[in-house]
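None of these values were measured; they are calculated from a predicted model.
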Amino acid sequence: MTKQSRFNLLALLSILSCLSMNAQLTASQLFHYPFDGNANDVGVNGLNGTLQNSPTFVNGHNGTPNGAIQLNGSNQYVQLPNVAMMRPTGQPISFSFWVNPTSLNSDWKPIFSMDQAPSIWAGYWCAMTDSWLAIYFGDGGIAGPGSRRQAAVNISLPLNSWTHVVGIIRGPTDMDIYINCVQQSITYGGSGGALSWAGFGGAVGRSQNGSFIPGFKYFHGAIDELRFWERELTAAEIQQFCTTCVNDTVNIAEAICQGD
């Protein structure tokens with residue numbers, strides 16, 4: 001066996017291992033939006049989103065051309081399908097995404113919201129400012145801390161740079177946040193009750209503004225590879241997001257072909 005053949009065999013074994021690990025990530029996955037030039041769900045449920053106000057596409061977190069969605073912070077977002085499947089009732093749940101903010105300030109900006117009921121906190125959502133990132137669920141009550149549960153991490157994510165985020169929600173005071181696959185110290189807030197849904201449908205890059213006056217907030221920046229699971233991700237699965245197994249399997253395969 002030549003040196004090149006040995007390299008190709010090892011690379012092939014690496015790809016097979018990565019494909020096996022990637023397949024595990026699809027277990028109990030509700031949706032997966034890679035944002036490769038569209039808002040299609042590549043998971044088994046086919047929960048395709050709808051682009052609103054012509055967002056653009058930029059290089060993804062791994063350099064893939066048109067591999068991430070870019071939102072302008074004023075009116076662009078992705079409307080998620082308003083169907084019963086998008087309102088999971090059990091816990092734990094997990095979600096992950098790559099985020100590349102263009103601008104941030106002290107006013108919170110939504111990464112996603114799975115229920116946009118006016119002046120009501122319902123469903124799951126994730127938001128960030130220039131000094132924190134938080135994950136939430138609402139109990140269907142009037143918007144305010146008495147109608148939600150949250151876990152927040154004090155962190156200033158870099159502008160114009162990709163950061164990976166994982167959120168896990170098991171219960172009101174049992175949540176985890178991982179930044180670039182590292183578990184963070186979190187602070188709990190809110191005093192809401194059990195998860196509830198108002199049934200208004202969700203969005204990526206937009207959320208109701210949380211006040212008594214109906215309105216919306218928008219995210220300014222790029223988002224890539226948004227996934228949601230109806231289960232808890234394991235520590236080993238989370239680490240995959242920061243390895244070539246999730247990010248560069250295709251590139252490894254191309255290298256083998258070039259070697260051959």
Side-chain angles (χ1 to χ4, degrees), residues 25-26 28-62 64-89 93-103 108-128 135-138 140 143 162 164-165 167 195-211 213-230:
L25 285 173
T26 64
S28 299
Q29 181 176 266
L30 179 61
F31 57 72
H32 176 194
Y33 300 110
F35 296 123
D36 291 340
N38 56 51
N40 291 343
D41 171 22
V42 299
V44 297
N45 294 318
L47 297 167
N48 296 339
T50 305
L51 301 176
Q52 302 293 323
N53 299 313
S54 303
T56 57
F57 292 88
V58 296
N59 288 349
H61 73 278
N62 57 358
T64 302
N66 296 318
I69 193 166
Q70 177 73 32
L71 305 171
N72 63 8
S74 60
N75 67 348
Q76 294 175 341
Y77 64 101
V78 176
Q79 182 68 48
L80 299 180
N82 188 7
V83 295
M85 185 178 291
M86 293 292 279
R87 297 187 282 274
T89 57
I93 60 93
S94 306
F95 52 83
S96 77
F97 55 86
W98 290 87
V99 63
N100 186 344
T102 301
S103 66
W108 64 270
K109 307 300 180 185
I111 304 300
F112 72 88
S113 170
M114 292 179 67
D115 199 322
Q116 300 182 93
S119 304
I120 296 293
W121 283 137
Y124 296 105
W125 69 99
C126 177
M128 61 189 300
I135 61 179
Y136 309 80
F137 69 87
W162 286 106
H164 188 261
V165 177
L195 169 72
S196 181
W197 297 90
F200 277 73
V204 179
R206 186 179 87 153
S207 176
Q208 63 101 348
N209 61 16
S211 74
I213 302 174
F216 296 97
K217 293 179 182 289
Y218 295 86
F219 178 75
H220 187 198
I223 301 172
D224 196 6
E225 296 289 342
L226 174 62
R227 304 188 189 204
F228 188 102
W229 295 265
E230 295 181 83

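Asn82 and Arg87 share a donor-acceptor pair across their side chains, judged by distance under 3.5 Å alone.
Residues Met114 and Pro88 are in side-chain contact: their nearest non-hydrogen atoms beyond the backbone lie under 4.5 Å apart. Side-chain contact check for Gln29 versus Arg227: some heavy-atom pair is nearer than 4.5 Å. Inter-residue side-chain proximity for Phe200 and Pro118 is flagged as met; some heavy-atom pair is nearer than 4.5 Å.
If you take CG on Leu226 and CG on Leu80, they are separated by 7.5 Å, rounding to the nearest 0.5 Å. Here CZ of Phe219 is found 13.0 Å from CH2 of Trp108. Values are rounded to the nearest 0.5 Å. Between the OG atom in Ser54 and the CD atom in Gln76 there is a gap of 7.0 Å [rounded to 0.5 Å]. With rounding to the nearest 0.5 Å, the separation of OG in Ser196 from CH2 in Trp121 is 14.5 Å. In this structure, Ser28 OG and Ile93 CD1 are separated by 12.5 Å, a value rounded to the nearest 0.5 Å.
Pro81 approaches Met86 most closely through the heavy-atom pair O-CG, 3.4 Å. Between Pro101 and Met128 the shortest heavy-atom distance is CG-CE, 4.4 Å. Taking all atoms of both residues into account, the shortest heavy-atom contact from Leu71 to Pro55 is CD2-CB, 3.7 Å. Here the closest heavy-atom approach between residue Ala122 and residue Ala198 is recorded as CB-N, 3.7 Å. Here the closest heavy-atom approach between residue Glu225 and residue Pro34 is recorded as OE2-CB, 3.6 Å. Counting all heavy atoms, side chain and backbone alike, Gly210 lies closest to Ala143 at O-CB, 3.5 Å.
Of the possible polar contacts, none joining the Gln208 side chain to the Gln116 backbone as a donor-acceptor pair under 3.5 Å is found. In this structure a side-chain-to-backbone donor-acceptor pair under 3.5 Å is missing from Ser96 to Val165. Side chain of Asn209 to backbone of Lys217: no donor-acceptor contact under 3.5 angstrom is found.
The aromatic rings of Tyr124 and Trp197 lie perpendicular to each other, with more than 60° between the two planes, well past the 30° mark. Using cut-offs of 30° and 60° on the angle between ring planes, the pair Tyr136 and Trp125 is parallel.
Exactly one of Trp229, Phe228, Phe97 qualifies for a ring-ring contact (aromatic ring centres under 6.0 Å, His included) with Phe31. That residue is Phe228.
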Report all side-chain donor-acceptor pairs from residues 35-52 shorter than 3.5 Å, counting only partners two or more places apart or in another chain.
unit_1, atom_1, unit_2, atom_2, d
Asn38, OD1, Asn40, N, 3.0
Asp41, OD1, His32, N, 2.9
Asp41, OD1, Gly43, N, 2.9
Asp41, OD2, Gly46, N, 3.2
Asp41, OD2, Leu47, N, 2.8
Asn45, ND2, Leu30, O, 2.9
Asn48, OD1, Asp41, N, 2.8

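Taking the ring centroids of Phe112 and Phe95, they lie under the 6.0 Å cut-off.
With sequence neighbours excluded, the residues that form a side-chain contact (heavy atoms from CB on, under 4.5 Å) with Ala222 are Val58, Gln70, Asn100, Trp162.
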